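These notes are about the structure you will find just below.
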Amino acid sequence: DGGSCEENEVSSWSYQEGDVFSFYVPVKEGYTFIGWTTGNGTDPDMNLGIVASDKWAKTFFAHWRKDSYKISYNDLEKGTSNLPKTYTYANWVTIPAPDKAPRGYEFSGWIDENDTDLGTEFTIAEHTEGDKEYTATWKAIEYSITYDLRWGNLTGSDENPAKYTVESEDITLKNPVRDHSEFLWWTGSNGSNAQQEVIIASNSVWTKAYSANWMCEDGYIEVGEECVRNTFVVSFDSKGGSVVESINVVSWNAVEEPED
């Protein structure tokens, strides 16, 4: 079967009944000889030869095992460099997780040609034969989105997502509302530019965090968690006249002259 004998290139011999001899071990580049058979379905035998009781013409078949088998991979990220490309019959080899992942994805495991799940790492055992092909499978990473609305809230059925993946479509943030306040803009993961409309574009990655920024309406100031009326006390000095009670005045409102 494509091999040759190191010590005897003859591929056929004559013998007589009663002769006893064994065959030289043939060689074949890239293969290891594992024995002879006579084509009757028996396992290869390294010691098969002619015995004294043999007669009639005989044909012996050489059997081989490849020294090295190829391992191929599908769906790998460019630059992956930690995976073995060959293995041998005599040795086991471990297939680890790839050392590179597509942007926004995490490795979820290997499958073989039969779609059998092999886990994130597996071993090709000793005495395995044949070229192998494996496919890497990936899962989109879920990234969190957090919001500090600073005591604001979303109205009606409006809501902003708490997570997204690289596969998500464009996400436009819904702006919150707050009593006696004007929403100004978002700051945070949108970078150094404050924006009233924030869009998380498809194919984005990494966690996001956004803070709402507000301005109180005229006549209101921010106190604690809300905008409240900005009032002040106006006192009157009647210079010896009748006493005029102090009054509370809302900021930006006119102060009426007290009655005599």
Side-chain angles (χ1 to χ4, degrees), residues 1-3 27-35 43-44 62-148 159-174 186 188-193 195 197-211:
D1 189 16
V27 294
K28 183 178 180 180
E29 185 175 355
Y31 291 80
T32 298
F33 176 68
I34 60 172
D43 292 333
H63 292 262
W64 307 91
R65 181 174 292 116
K66 288 179 66 174
D67 290 338
S68 179
Y69 298 99
K70 294 180 181 179
I71 309 174
S72 58
Y73 305 93
N74 300 316
D75 296 345
L76 291 182
E77 179 69 358
K78 184 178 180 181
T80 301
S81 60
N82 68 322
L83 303 174
K85 297 179 179 179
T86 61
Y87 77 97
T88 64
Y89 176 82
N91 298 291
W92 57 267
V93 63
T94 296
I95 310 298
D99 60 359
K100 301 285 185 182
R103 180 175 177 271
Y105 290 85
E106 60 185 357
F107 181 63
S108 57
W110 295 105
I111 57 174
D112 63 13
E113 302 96 319
N114 300 314
D115 289 336
T116 302
D117 185 359
L118 304 174
T120 56
E121 181 177 293
F122 68 97
T123 297
I124 300 176
E126 295 175 274
H127 305 154
T128 300
E129 297 181 78
D131 294 340
K132 301 295 181 182
E133 181 177 351
Y134 302 109
T135 299
T137 60
W138 305 93
K139 178 183 177 182
I141 298 170
E142 286 190 344
Y143 298 102
S144 65
I145 312 174
T146 57
Y147 308 91
D148 179 3
E159 59 180 4
N160 286 320
K163 57 188 177 182
Y164 77 103
T165 75
V166 70
E167 298 174 350
S168 299
E169 296 181 356
D170 289 357
I171 299 170
T172 301
L173 298 190
K174 304 289 196 308
W186 294 103
S189 295
N190 48 319
S192 58
N193 296 323
Q195 296 174 302
E197 181 182 75
V198 168
I199 299 175
I200 303 174
S202 177
N203 201 40
S204 295
V205 294
W206 310 124
T207 58
K208 307 290 184 184
Y210 299 99
S211 295

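Because the structure is predicted, anything quoted here is derived from the model rather than measured.
- Contacts of E159 classified as side chain to side chain contact (heavy atoms under 4.5 Å, CB included), with partners at least two apart in sequence or in another chain: none.
- Remark: L118 pairs with W110, D112, T116, F122, Y134 by the side chain to side chain contact (heavy atoms under 4.5 Å, CB included) rule, at least two apart or across chains.
- For the side chain to side chain donor-acceptor pair (under 3.5 Å) test, residues two or more places apart in sequence or in another chain that qualify with T137 are S108.
- For E121, the side chain to side chain contact (heavy atoms under 4.5 Å, CB included) criterion is met by T94, P96, not counting sequence neighbours.
- With sequence neighbours left out, the side chain to side chain contact (heavy atoms under 4.5 Å, CB included) criterion links A101 to W138.
- Residues T172 and V198 have side chains not in contact (no heavy-atom distance under 4.5 Å, counting atoms from C-beta outward).
- The shortest distance between side-chain heavy atoms of Y143 and I200 does not fall below 4.5 Å.
- When ring centroids are compared, F33 and H63 stay outside the 6.0 Å threshold.
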Take E133 and N74 through the side-chain contact (heavy atoms from CB on, under 4.5 Å) test and state the conclusion after the steps.
CA-CA 8 Å; E133 181 177 351; N74 300 316; 2.8 Å; yes

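- If you take NZ on K28 and CZ on R65, they are separated by 13.0 Å, rounding to the nearest 0.5 Å.
- No hydrogens or angles considered: nothing links the side chains of S202 and D170 as a donor-acceptor pair under 3.5 Å.
- Residues meeting the ring-ring contact (aromatic ring centres under 6.0 Å, His included) test with Y31, sequence neighbours left out: none.
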